[in-house]
Colleague: 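If you scroll down you'll find the structure; I have some questions about it.
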There are 2 protein chains.
Amino acid sequence: MTHRDPKILNELESDLRAEGVRITRQRMAILSALAGSADHPTAEELLSRAREKDPSVSLATVYRTLSVLVESGTVLRNEFEGTGARFELADKPHHDHLIDLDTGDVIEFSSKRIEKLQEEIAEELGYDIVYHRLELYGRTKKT
Amino acid sequence: MTHRDPKILNELESDLRAEGVRITRQRMAILSALAGSADHPTAEELLSRAREKDPSVSLATVYRTLSVLVESGTVLRNEFEGTGARFELADKPHHDHLIDLDTGDVIEFSSKRIEKLQEEIAEELGYDIVYHRLELYGRTKKT
DNA sequence: ATTTTAAATGCAAATCATTCGCATAAGCTT
DNA sequence: AAGCTTATGCGAATGATTTGCATTTAAAAT
Ligand SMILES: [Mn+2]
Ligand SMILES: [Mn+2]
Ligand SMILES: [Zn+2]
Ligand SMILES: [Zn+2]
């Protein structure tokens, strides 16, 4: 039941309106479910969380809304191994993920140095990076 | 039609036999298709390449064989964005991939420094990395 | 406040990649 | 060559996501 500053919800809403995105009851429910999630929920998980706000939300709408939000840059879609896609609000600075193979926990981290090296590598190959994906899969060090 | 030293095929076969893996006509066809591929083919692509050697191969067998080969460490399965899984022989040293968003081309690269930094990050978080995935998606620098 | 109109929704059916069940075929060991 | 065990082809089942369509609804226009 962790959740961050609800003010963000209003900001999200007005930003979306400004972009010409229609705000519906179910979109608000989904957005609010996202804003209230500290983890990286799947579409199904978001469905049940959104239904607490608005029981009428359907899975198809969750997927369609997520597509809209991803395209508007409001949400990030992660495709970790094993499960279906996992989503998160794109309101934090860029980071990558470490997935705990035993618990499924997703830990966020970021390394300026790795980001830099990626750029250098792409540069050497004559490419501009549009986006990237870095995932570490591991287990807690047994002492 | 690029392909590497065919001697590798024999090595692959004997290694697999040594592990107790049964060698069938279709498995050889698939193995040979893999050994003869310089790119990162999908299961469907491997199916048609394997069928040049043995027309009887079925898609189910391609998948089943790939599972066996992945589990034996002979083959690597990559899940890039967009398409289905893409496979490659695990006979090269570890490397990561840069995917050309315009052409779909997959370019291999490796960075000792990035690998090292990943270890350090995991270490700090109290984890041992079991494996990881690093993919850069980009387009050729427009001059 | 009411009408209008394009866009969003719910539902079920359709996709797509991958896996499975089962009857038959084929490796490997003896 | 025979027997036991595993692999194969086929088609059906799966799981996640998308889509068609009739209906509702947000938001623009009266
Ligand atoms: Mn995250
Ligand atoms: Mn590769
Ligand atoms: Zn990153
Ligand atoms: Zn690597």
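Per chain, numbering begins at 1; letters A, B, ... match sequence-line order.
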Colleague: In Å and rounded to the nearest 0.5 Å, what is the OG1 to CZ distance from A:Thr103 to A:Arg139?
Modeller: 10.0 Å
Colleague: In the structure I gave you, are the side-chain heavy atoms of B:Gln26 and B:Ser56 within less than 4.5 Å of one another anywhere?
Modeller: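 Side-chain contact under 4.5 Å: yes.
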Colleague: Which is true for A:Gln26 with a 4.0 Å heavy-atom rule: it touches a base, it touches only sugar-phosphate, or it touches nothing?
Modeller: sugar-phosphate
Colleague: Is there a donor-acceptor contact under 3.5 Å from the side chain of A:Glu45 to the main chain of A:Thr42?
Modeller: yes
Colleague: Please give the angle, rounded to 10 degrees, between the axes at the start and the end of the helix from C:dA1-D:dT30 to C:dT30-D:dA1, where five pairs define each axis.
Modeller: 30°
Colleague: Do B:Val106 and B:Leu98 come close enough that some side-chain heavy atom pair is under 4.5 Å?
Modeller: no
Colleague: Between the side chain of B:Tyr127 and the main-chain N/O of A:Leu136, is any donor-acceptor distance below 3.5 Å?
Modeller: no
Colleague: Distance from B:Ile23 atom CD1 to B:Leu16 atom CG, nearest 0.5 Å?
Modeller: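 It is 5.0 Å, given to the nearest 0.5 Å.
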Colleague: Could you check how far CG of A:Leu47 sits from P of D:dT17, rounded to whole Å?
Modeller: 12 Å
Colleague: Please list, by residue number, the residues of residues 57-67 of chain B whose heavy atoms come closer than 4.0 Å to an atom of DNA chain D; answer none if no residue qualifies.
Modeller: B:Val57, B:Ser58, B:Ala60, B:Thr61, B:Arg64
Colleague: So, are A:Arg27 and A:Glu13 salt-bridged, with charged N and O less than 4.0 Å apart?
Modeller: no
Colleague: Report the distance from atom CG of A:Leu47 to atom CG of A:Leu59, rounding to the nearest 0.5 Å.
Modeller: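 If we round to the nearest 0.5 Å, A:Leu47:CG and A:Leu59:CG are 5.5 Å apart.
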Colleague: The criterion is salt bridge (Lys or Arg N to Asp or Glu O under 4.0 Å); which residues satisfy it with B:Asp54, sequence neighbours excluded?
Modeller: B:Arg25
Colleague: Can you name the one residue among A:Arg86, A:Arg133, A:His40 that meets side chain to side chain donor-acceptor pair (under 3.5 Å) with A:His97?
Modeller: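 Running side chain to side chain donor-acceptor pair (under 3.5 Å) over A:Arg86, A:Arg133, A:His40 with A:His97 returns exactly one hit, A:His40.
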Colleague: Quickly work out the B:Leu69 CG to D:dA7 P distance and round it to whole Å.
Modeller: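 Atom CG in B:Leu69 sits about 12 Å away from atom P in D:dA7.
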Colleague: Considering every strand and a 4.0 Å limit on heavy-atom distances, what is the contact class for A:Thr42: base, sugar-phosphate, or nothing?
Modeller: nothing
Colleague: Starting at the 5' end of DNA chain C and moving along, which residue's nearest nucleotide shows up first, B:Arg77 or B:Arg25?
Modeller: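 On the 5' side of the pair lies B:Arg77.
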Colleague: Keeping A:Arg51 on the side-chain end and A:Val57 on the backbone end, is there a donor-acceptor pair under 3.5 Å?
Modeller: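 At least one qualifying donor-acceptor pair exists.
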Colleague: Which donor-acceptor pairs under 3.5 Å do the side chains of residues 60-71 of chain A make with protein atoms, sequence neighbours left out?
Modeller:
from	atom 1	to	atom 2	distance (Å)
A:Thr61	OG1	A:Ser58	OG	3.4
A:Thr65	OG1	A:Thr61	O	2.8
A:Ser67	OG	A:Tyr63	O	3.1

Colleague: Could you tell me how far apart A:Glu44 (CD) and D:dT18 (P) are, to the nearest whole angstrom?
Modeller: 13 Å
Colleague: Between protein and nucleotides 27-30 of chain D, what N or O pairs are separated by less than 3.5 Å?
Modeller:
from	atom 1	to	atom 2	distance (Å)
D:dA27	OP1	A:Arg17	NH1	3.0
D:dA27	OP1	A:Ile23	N	3.0
D:dA27	OP2	A:Arg17	NH1	3.4

Colleague: Please round to the nearest 0.5 Å and tell me the distance separating atom CG of A:Leu34 and atom CG of A:Asp91.
Modeller: 9.5 Å
Colleague: Of all nucleotides in DNA chain C with an atom under 4.0 Å from a non-hydrogen atom of chain A, which is the first and which the last going 5' to 3'?
Modeller: C:dA6 to C:dC11
Colleague: What is the distance, to the nearest angstrom, from the CD1 atom on B:Ile30 to the P atom on D:dA7?
Modeller: 12 Å
